[in-house]
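Note sheet for the following structure.
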Amino acid sequence: MKTYTGERTLDGIRVCVDEQSLDPRYDIKVFSDGDYEWAYEGDEPRQLALAILADHTGDSSRALEYCEPFMREIVANLDNDWELTSDDIEESLAALDPEPQPVGTAGD
């Protein structure tokens, strides 16, 4: 199970997956070329939602499809420092999609 974390530090924002920097996935779509953000709705939180979903699902199309509702329902409501596990993300996707797909089944 993967663990995604975000924290605000004196040096700026840090977002990791299993203690490694999370790729913003600009190759899928560029919403913002700035740092990630959360706790509100906007381009930087949208980029974070896309990055988390792309990493978690392994499916660029699905990540792009769900990044907007995931940003509104999850990312916009995160605290200053946060942690999401793979299970947390699956629960969130299940709530957004009445017929969720298993992780890693769709091709990129």
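The figures that follow rest on heavy atoms only: side chains count, while hydrogens, waters and symmetry mates do not. Nothing here was measured: the structure is a model prediction, and the numbers come from that model.
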Report yes if some heavy atom in the side chain of [X] is under 4.5 Å from a heavy atom in the side chain of [Y]; otherwise report no.
X     : Y     : answer
Ile52 : Ile89 : yes
Asp18 : Tyr4  : no
Asp87 : Met1  : yes
Leu84 : Ile74 : yes

Gap separating the [atom1] atom of [X] from the [atom2] atom of [Y], nearest 0.5 angstrom:
X     : Y     : atom1 : atom2 : result
Ser32 : Leu48 : OG    : CG    : 10.5 Å
Leu93 : His56 : CG    : NE2   : 5.5 Å
Tyr66 : Met71 : OH    : CE    : 16.0 Å
Cys67 : Ile28 : SG    : CD1   : 9.0 Å
Asp59 : Leu53 : CG    : CG    : 10.0 Å
Ser86 : Glu90 : OG    : CD    : 8.0 Å

List the atom of [X], the atom of [Y], and the distance in Å for their closest heavy-atom pair.
X     : Y     : answer
Val30 : Asp33 : CG1-N, 4.3 Å
Pro24 : Gln47 : O-NE2, 2.9 Å
Ala63 : Ala54 : CB-N, 3.4 Å
Phe31 : Leu64 : CZ-CD1, 4.1 Å
Arg72 : Asn77 : O-ND2, 3.4 Å
Pro69 : Leu96 : CB-CD2, 3.9 Å

Partners meeting side-chain contact (heavy atoms from CB on, under 4.5 Å) with Glu91 (sequence neighbours left out)
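Checked Glu91 against side-chain contact (heavy atoms from CB on, under 4.5 Å); zero matches.
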Test: ring pair (Phe, Tyr, Trp, His ring centres under 6.0 Å). Region: residues 67-91. Which pairs qualify, not counting sequence neighbours?
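Ring pair (Phe, Tyr, Trp, His ring centres under 6.0 Å) check on residues 67-91 returns Trp38-Trp82.
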Go through the steps to decide whether Asp55 and Asp23 satisfy the test side-chain contact (heavy atoms from CB on, under 4.5 Å), and finish with yes or no.
CA-CA 8 Å; Asp55 185 83; Asp23 182 348; over 6 Å; no
Strictly distance-based, threshold 3.5 Å: is any side-chain N or O of Tyr36 a donor or acceptor partner for the main-chain N or O of Leu22?
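Flag set: sc Tyr36 to bb Leu22 pair under 3.5 Å.
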Taking Ser21 for its side chain and Cys16 for its backbone only, find out whether a donor-acceptor pair lies under 3.5 Å.
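Side chain of Ser21 to backbone of Cys16: no pair is present.
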Scan residues 39-54 for pairs that pass salt bridge (Lys or Arg N to Asp or Glu O under 4.0 Å), counting only residues two or more places apart or in two chains.
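Pairs touching residues 39-54 that pass the test: Asp43-Arg46, Arg46-Glu68.
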Can you list every pair that meets salt bridge (Lys or Arg N to Asp or Glu O under 4.0 Å) and has a residue in residues 6-16, with sequence neighbours left out?
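Sorted pair list: Glu7-Arg14, Arg8-Glu37.
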Partner set under side-chain hydrogen bond (donor to acceptor under 3.5 Å, both in side chains) for Thr85, not counting sequence neighbours
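Expected list: Asp88.
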In chain order, what residues pass the side-chain hydrogen bond (donor to acceptor under 3.5 Å, both in side chains) check against Tyr26, with sequence neighbours excluded?
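None.
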Lys2, NZ atom: more than 12 neighbouring heavy atoms under 6.0 Å
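Yes, NZ of Lys2 has more than 12 neighbouring heavy atoms, counting only those of other groups under 6.0 Å.
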Pair Arg25, Ser60 - check side-chain contact (heavy atoms from CB on, under 4.5 Å), show working.
CA-CA 9 Å; Arg25 296 306 306 263; Ser60 299; 3.7 Å; yes
